[in-house]
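Everything on this sheet refers to the single structure shown next.
Scope of the values below: all heavy atoms of this structure, side chains included, with no hydrogens, waters or symmetry mates. One-based numbering, in listed order, for ligands and for the atoms of each.
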Amino acid sequence: MKTYSLVICGGGSTYTPDLMELLCYAKKDFPLKKIVLYDIDAERQEPIGQYGEVLFREYYEGVEFYYTTDKEKAFRDMDFAFVQIRAGGLTARNMDEKIPYRYGCIGQETCGAGGLSYGIRSVTQMIQLVKDIREYAPEAWIINYSNPAAIVAEAVKRMFPGDRKLINICDMPTQIMDSYLPLVGKKRYEVEPRYFGLNHYGWFTGLIDKKTGENLLPEILRICRETPDKVRRMLADMYDTDGHWGKTFQEHLNMVLDYPYSLPSTYCLYYLYPDQCYSHYNESFTRYDEVMEGRGSKVQAYCTAIAKLGKMKGTEYDISAHINGAAGNIAEASSSTIAYNDVHAAYLIELAISIIHNRNDICLVMVENKGLVPNLDPGMMLEAACRIGQQGVEPIQIGEAPAFEKGLLENQYACEKLLADAVFEHDYQKLLQAFTVNRIICDTNRAKKLIADFVKANGDMWVDFRRQ
Ligand code: NAD
Ligand code: G6P
Ligand code: MN
């Protein structure tokens, strides 16, 4: 049996422990001989690496595991690189989210001014990382989650044209499928999605039952329209309505009821209901603070506790029952034990499995439009349904975008394209245009103030924008 080598870039990520756990569940379909964590921050990666040593020693027989900050040790001869880096770390996420509130705008990780600030850092670091991986592992499949994924996808498309083994993804559509499919008694593995848009700005147009070929989306929408309270309760049972995602899914349902012909990304809320989203947080408390209190500290505590014990089997951390229940099959794996964000990890692993077994499963990834939606820019990096196999990504034709979605997408693509241009050309004028055209910013004077503050806050993590 062929076995594979995998490097996880951003080894210190809050998502890494769950991902490592799910790798243990998926070993039948995704058999690994080597797992490596790579990060530029040794201190942040240390507890997660120590946890990995215990986990794999006890639950993944024969696998070689280590963690490193050395690029060559990390990348040489890898078959897969899963990438989840955060350029500037969580400290930078904090400022991305806080600064916009000074000027009456939503502060968000990937949308609006915060997303643009993050995009500039991320583009530079992702391009360097892909170059480094390609130097030591020219044939590796690079599957990237790093945000803001739409802007990263636009930039790497230009820098690495035709690299069929470089794939940008997002877990949000997967999460939305898991949230609404129970209404028709289906699991994600039983349907094929149809979706179009930019990342964090897209819409499901179909959920096709693999057995019957029936599109289940109209029935899901009918249930939402006719029994909204039932759907509201189901979503509340899945996501605690006191928390960020619980509130988000309640508002998501309201959005579905306002536009009851498709299932949008939850991130459309930021563009279509900016006033409501603005009221959720303020300059002293944003989603960053919740993440630090929640997932951020939970993951660190979990890993540190296991590293201290030096074992999991026979302790309260024993996951033998889970592993036996999954029987090596990711679709059977019960939820991960750490941060419960298992969709994130499961989706990465599902893509890798579809590639190595050439299953050609239909997954949602980012791909160049090239006529998939003929009335949108052919260069737009669409998030869309594609077959995924040994040959890479083969998109499925979509058709014309309706006027509303077309208008929104053209506006946002102008923003993302201008931002990538600005970074590549170090052009202040285009930077100002990117900020101003963004639906969440809108005003030139506000854009100028935001840029001035972000220039200071980002320092040399931003390129130097020349005024022409
Ligand atoms: P995090 O800050 O906890 O982890 C990111 C890690 O990346 C840190 O340990 C950091 O030191 C490391 N890092 C930063 N720059 C690096 C570089 N140039 N090379 C190697 N390592 C580097 O962040 P997190 O909350 O766990 O999120 C990780 C990333 O995954 C973020 O970009 C986040 O937006 C993204 N994400 C994307 C999706 C999606 O749907 N696309 C879903 C979840 C998370
Ligand atoms: C979803 C999105 C990601 C985003 C994450 C943020 O998974 O698809 O792109 O990074 O949420 O979640 P957080 O819990 O960190 O705010
Ligand atoms: Mn995402």
Side-chain angles (χ1 to χ4, degrees), residues 7-19 37-49 67-71 74-75 81-94 96-97 108-111 114-115 118-119 121-133 143-153 167-176 178 198-202 239 243-246 248-249 265-267 270 280-281 286-300 338-345 347-348 364-366 383 461:
V7 57
I8 300 171
C9 303
S13 158
T14 56
Y15 293 93
T16 302
D18 276 322
L19 174 56
L37 303 188
Y38 167 77
D39 205 291
I40 49 170
D41 183 340
E43 202 183 321
R44 186 170 175 82
Q45 184 170 243
E46 183 63 29
I48 297 178
Y67 52 102
T68 182
T69 54
D70 181 300
K71 289 175 186 170
F75 305 144
F82 289 173
V83 184
Q84 42 194 22
I85 66 165
R86 184 183 289 285
L90 286 159
T91 316
R93 174 177 183 169
N94 190 29
D96 289 344
E97 291 180 354
Q108 211 281 322
E109 181 198 16
T110 63
C111 300
Y118 184 14
R121 295 193 303 275
S122 213
V123 161
T124 317
Q125 295 204 19
M126 273 303 298
I127 287 174
Q128 188 56 49
L129 184 62
V130 173
K131 282 185 182 162
D132 291 339
I133 296 171
I143 308 183
N144 176 55
Y145 259 133
S146 310
N147 267 322
I151 293 168
V152 169
I167 305 175
N168 294 288
I169 61 166
C170 168
D171 59 14
M172 200 66 238
T174 315
Q175 189 77 51
I176 293 171
D178 281 1
L198 290 157
N199 174 241
H200 286 190
Y201 212 161
Y239 308 98
H244 171 81
W245 288 107
T248 300
F249 271 97
S265 166
T266 53
Y267 283 85
Y270 294 104
H280 292 170
Y281 297 111
T286 60
R287 175 69 189 144
Y288 158 84
D289 300 281
E290 291 176 344
V291 169
M292 293 305 275
E293 281 168 19
R295 187 174 75 240
S297 45
K298 199 166 170 185
V299 160
Q300 290 286 322
I338 308 147
Y340 302 105
N341 41 26
D342 30 294
V343 161
H344 178 91
Y347 190 42
L348 267 176
L364 301 179
V365 304
M366 281 155 240
E383 190 163 22
M461 291 188 294

Non-hydrogen atom of Thr16 closer than 4.0 Å to ligand 1:
no
Selected option - heavy-atom contact closest to atom 16 (O) of ligand 2, from His244, Glu109, Arg287
Arg287
Does only the side chain of Thr14 get under 4.0 Å from ligand 2, or the backbone, or both, or neither? Count heavy atoms.
neither
In terms of its nearest heavy atom to atom 31 (C) of ligand 1, the top option of Tyr118, Tyr288, Tyr15 is Tyr118
Mark the output for Gln175 as yes if a heavy-atom distance to ligand 2 is under 4.0 Å, and as no if none is.
no
To the nearest 0.1 Å, how far is atom 21 (N) of ligand 1 from its closest protein heavy atom, and which atom is that?
Ile85 CG2, 3.4 Å
Between Tyr267 and ligand 2, which part of the residue brings a heavy atom under 4.0 Å of the ligand: side chain, backbone, both or neither?
side chain
Looking at ligand 1, is there an atom of it that comes within less than 4.0 Å of some heavy atom belonging to Ser146?
yes
Should the proximity of Glu290 to ligand 2, defined as any heavy atom under 4.0 Å, be assigned to the side chain, the backbone, both, or neither?
neither
Protein residue, atom and distance nearest to atom 34 (O) of ligand 1, heavy-atom basis:
Glu109 OE2, 2.6 Å
Can you find a non-hydrogen atom of Gln84 under 4.0 Å from ligand 2?
no
Hey, is Trp245 touching ligand 2 through its side chain, its backbone, both or neither, going by heavy atoms under 4.0 Å?
side chain
When you look at Asn147 and Asn199, which way does the side-chain contact (heavy atoms from CB on, under 4.5 Å) test go after all the steps?
CA-CA 10 Å; Asn147 267 322; Asn199 174 241; 4.2 Å; yes
Just distances here: any N/O of Asp39 and N/O of ligand 1 closer than 3.5 Å?
yes
Would you call Thr110 a ligand 2 contact, heavy-atom distance under 4.0 Å?
no
Flag Ile169 as yes when one of its N or O atoms lies below 3.5 Å from any N or O atom of ligand 1, and as no otherwise.
yes
Name the closest protein heavy atom to atom 18 (N) of ligand 1, giving the residue it belongs to and the distance to 0.1 Å.
Gln125 OE1, 2.8 Å
Between CG of Leu90 and CG of Asp96, what distance do you get to the nearest 0.5 Å?
10.5 Å
Heavy-atom distances under 4.0 Å are what count here, so tell me which part of Arg295 touches ligand 2: side chain, backbone, both or neither.
side chain
Ligand 2 contacted by Tyr15 (non-hydrogen, < 4.0 Å)
yes
Rounded distance (nearest 0.5 Å) linking atom OH of Tyr267 with atom OG1 of Thr110:
5.0 Å
Could you tell me whether some N/O pair between Asn147 and ligand 2 is separated by less than 3.5 angstrom?
yes
To which protein heavy atom is atom 4 (O) of ligand 1 closest, and what is the distance rounded to 0.1 Å?
Ser13 CA, 3.1 Å
Ranked by distance from atom 8 (O) of ligand 2, the top protein heavy atom is Asp171 OD1, 2.9 Å
Least distance between heavy atoms, Tyr38 atom then Thr69 atom
CE1-O, 3.5 Å
Select the closest option to atom 43 (C) of ligand 1 among Arg121, Gln128, His344, judged by heavy-atom distance.
His344
Here the atoms of ligand 2 under 4.0 Å from any heavy atom belonging to Arg93 are 13 (P), 15 (O), 16 (O)
Atom indices of ligand 1 within 4.0 angstrom of Asn147 heavy atoms, with elements:
32 (O), 33 (C), 34 (O), 35 (C), 36 (N), 37 (C), 38 (C), 41 (N)
Heavy-atom proximity to atom 7 (O) of ligand 1, best of Arg86, Lys71, Gln45:
Arg86
Is Arg86 in polar range of ligand 2, meaning some N or O pair under 3.5 Å apart?
no
Taking atom 37 (C) of ligand 1 as the reference point, the nearest protein heavy atom with its distance:
Tyr145 O, 2.9 Å
Side-chain (Ser146) to main-chain (Ile85) donor-acceptor, under 3.5 angstrom:
yes
Numbering as shown, the atoms of ligand 2 that approach Cys170 to under 4.0 Å (heavy-atom distance):
8 (O)
